[in-house]
Amino acid sequence: MLEINNIDVHYGVIHALKGVSLKVNEGEIVVLIGANGAGKTTTLRTISGLKMPTGGTVLLNGADITNMSAQQRVKMGLSHVPEGRRIFAGLTVLENLELGAYLRRDKHEISKDLDMVYQRFPILRERRRQMAGTLSGGEQQMLAIGRALMSRPNILFLDEPSMGLAPLLVQEIFNIIQDINKAGTTVLLVEQNANMALQIADRAYVMETGSIVISGTGSELMKSDDIKKAYLGG
Amino acid sequence: MKKLIGLGLTYAIVQILIMTNAITGYLQATLVTICINIILAVSLNLITGFTGQFSLGHAGFMSIGAYVCALITMRVPTVYGFILGVLLGALAAALVGCLVGLPTLRLRGDYLAIATLGMSEIIRIIFLNMEITNGAAGLNGIPQFVNWTWLFTFTVGTVLVISNFIKSAHGRACISIREDEIAAEAMGINTIKYKVVSFTIGAFCAGIAGALYASYFYFLKPDLFGFLKSVDVLVIVVLGGLGSISGSILAAILLALISSYLQSFPEIRMILYSLTLIAIMIFRPQGLMGSKEISLSVFSKWASGLKSKRGRV
């Protein structure tokens, strides 16, 4: 479904991604793990069009989208939950969700999706008139995911959804990600919490300093000694 | 409907007061200043308060509107010439706003402020050195067409256009840029486009304000549109509350009243004025209205003795 080939990205003189290639098939949960600064977030930002690559191609269902703007990609069914949630703190929960459906004009379907999001995250319905900045961290993450779902994506990118959350909440967020995937949305997940992420992954890639060093199925990687040592704490 | 009645009443009362000479020369000039400042402040609020782009170039756009309108009405001294002047002045300001906005709106925060400040200075220097604008001596004897009716029409028109823009999906997009630019982009909002759109609309309205200024005060010189003019407008916006249109209107009226009241203390006028500003900012750091709006329904609730705790009704 999604394929990136030999992507190069530079931040000024810094060569952040060095020929990264990866593939996400329809219906999969694919996980990208790696240490700080390995290039996970940059990879995701490049795929969703927030960062332009200096080389390589991004293909969606076989079509080249490398030079498309972020908003065109959202229209094609890509949706990005950015790192650190980045909800619109000064707007209400409802306004945040409505902005998620910004590019859509089908009011009837939007209200259906709003119900779907409220069903998945009942707390958001309770707090729909509240300023999003007053939500707790976990609720904000739910809002960020809900907002991304409002564009009715075919493929959802999640950038460290577990960041700064209590372990119980992390478990909940991962359950939700699995549910969303089961409902038919392909997921590409970037995580530091390798252990949890690999448990729900169909396939996974490990990044180190701008390149992909290992790839395999989630369970394969969990068994691998190198991975255990480097990312899973022995 | 209530709004229409309220607007009609305001217009009629002031018009009667002017016709019966209850509002004389000085008060009329204050009234004109208030209306022009409302247009300037509301349009700058669109750029700075709602879209979150810190601009110090409003005086520049205003001067474009003023000079274009003045030059046209001096050649075609009829009401049609005046209308044409206002429209072309506003369009010229919008065009410059768009052209300047495209490259500079990629900058953020302080950098954008410096770029817009520079732009406004460039416009001033150009007017200072052009033959047609009569350089530093300025333009004299611009035909006066602005009366209360025109003033009221343009002020209400500007406020309505901008408040409706903000309530539309486009306005929502602008507000989301203020809240978080990266998230807005990830939602599929073309952030550059909306920044340029809000900048252009703001410049257009500033052009209208400039045209009205030229036509009422019938004298223009480049000095009038220096850095301090931009700051004056910014003060109104911040004082009223970033992101509140009614706040901008309120602050424009309040500041004009304060400064005309202080005319009776000429020596310490500016000191008192500054102290008032400092005091307001200490007690209302979010501005008079914060990001809330007052609407007529609030007044009717007050009238019926009901107190609503929610600001937005």
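To find a chain, count down the sequence lines: A is the first, B the second, and so on, and within it residues start at 1. As a basis for the values below, the full set of heavy atoms in this structure was taken, side chains included, without hydrogen atoms, waters or symmetry mates.
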- Message: Taking side chain as everything from C-beta outward and backbone as N, CA, C, O, which of these in A/Gln72 sits under 4.5 Å from a heavy atom of chain B? Side chain, backbone, both or neither.
- Response: neither
- Starting at CD1 of A/Ile180, measure out to NZ of A/Lys182 and round the result to the nearest 0.5 Å. 11.5 Å
- Report yes if the side chains of A/Lys23 and A/Arg203 come closer than 4.5 Å at any heavy-atom pair, otherwise no. yes
- Query: Which residues in residues 45-59 of chain A have any heavy atom lying under 4.5 Å from a heavy atom of chain B?
  - Reply: A/Arg45, A/Leu50
- Per-residue tally against chain B (heavy atom, under 4.5 Å) across A/Pro82, A/Gly90, A/Ala70 peaks at A/Gly90
- Please list, in residue-number order, every residue in residues 102-119 of chain A that has a heavy atom less than 4.5 Å from any heavy atom of chain B; write 'none' if there are none. A/Tyr102, A/Leu103
- Task: Hey, could you give me the CG/CE distance between A/Asn154 and A/Met76, rounded to the nearest 0.5 Å?
- Result: 9.5 Å
- Query: In Å, rounded to the nearest 0.5 Å, how long is the span from CG of A/Leu124 to CD of A/Gln140?
  - Reply: 11.0 Å
- Could you state the interatomic distance from CE (A/Met142) to CZ (A/Arg85), rounded to the nearest 0.5 Å? 11.0 Å
- Do B/Glu179 and A/Leu91 come close enough that some side-chain heavy atom pair is under 4.5 Å? yes
- Say you draw a straight line from CD1 of A/Ile173 to CD of A/Gln141; how long is it, rounded to the nearest 0.5 Å? 5.0 Å
- Listed by number, the residues in residues 36-58 of chain B that come under 4.5 Å of chain A (heavy atom to heavy atom) are none
- Message: I want to check something: taking the side chain as every heavy atom from C-beta on, are B/Thr10 and B/Val156 in contact at a cut-off of under 4.5 Å?
- Response: no
- Item | Atom pair OG (B/Ser248) and CG (B/Leu242), whose distance is rounded to the nearest 0.5 Å | 8.0 Å
- Tell me yes or no: between the side chains of A/Asn36 and A/Gln192, is some donor less than 3.5 Å from an acceptor? yes
- Query: Going by residue number, which parts of residues 162-172 of chain B are within reach of chain A, meaning a heavy-atom gap below 4.5 Å?
  - Reply: B/Ala169, B/His170, B/Arg172
